[in-house]
Student: 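Sharing a structure below in structure tokens format, with a few things to ask.
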Amino acid sequence: MHEFELHRMRTAELRREAQQHRLVREAVRARRAARRDAGHGAPAAESHTDRPRRLRLPRTA
């Protein structure tokens, strides 16, 4: 009986963790959508510098 109670406690803990992860993912998605909607195609307003982005090329051997 003791092992069964431990199993039920662990299952409940895993379910709580899974729910927390779902909430975090949902919040991240909502933040990204809000940022995307606020921008309306104006990435220069969010830029920290006026320089164009550098292309990242792999290092040569």
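Since we're looking at a predicted model, the values are computed, not measured. These numbers come from the heavy atoms of this one structure, side chains and all, not from hydrogens, waters or symmetry mates.
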Student: Under the salt bridge (Lys or Arg N to Asp or Glu O under 4.0 Å) test, which residues partner E5, sequence neighbours left out?
Tutor: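 Partners of E5 by the salt bridge (Lys or Arg N to Asp or Glu O under 4.0 Å) criterion, ordered by chain and then number, come out as R8.
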Student: Calculate, to the nearest 0.5 Å, the distance between atoms CE and OG1 belonging to M9 and T11 respectively.
Tutor: 10.5 Å
Student: Under the side-chain hydrogen bond (donor to acceptor under 3.5 Å, both in side chains) rule, what pairs show up with a residue in residues 18-27, not counting sequence neighbours?
Tutor: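 Counting only pairs at least two positions apart or across chains, the side-chain hydrogen bond (donor to acceptor under 3.5 Å, both in side chains) contacts touching residues 18-27 are Q19-R22.
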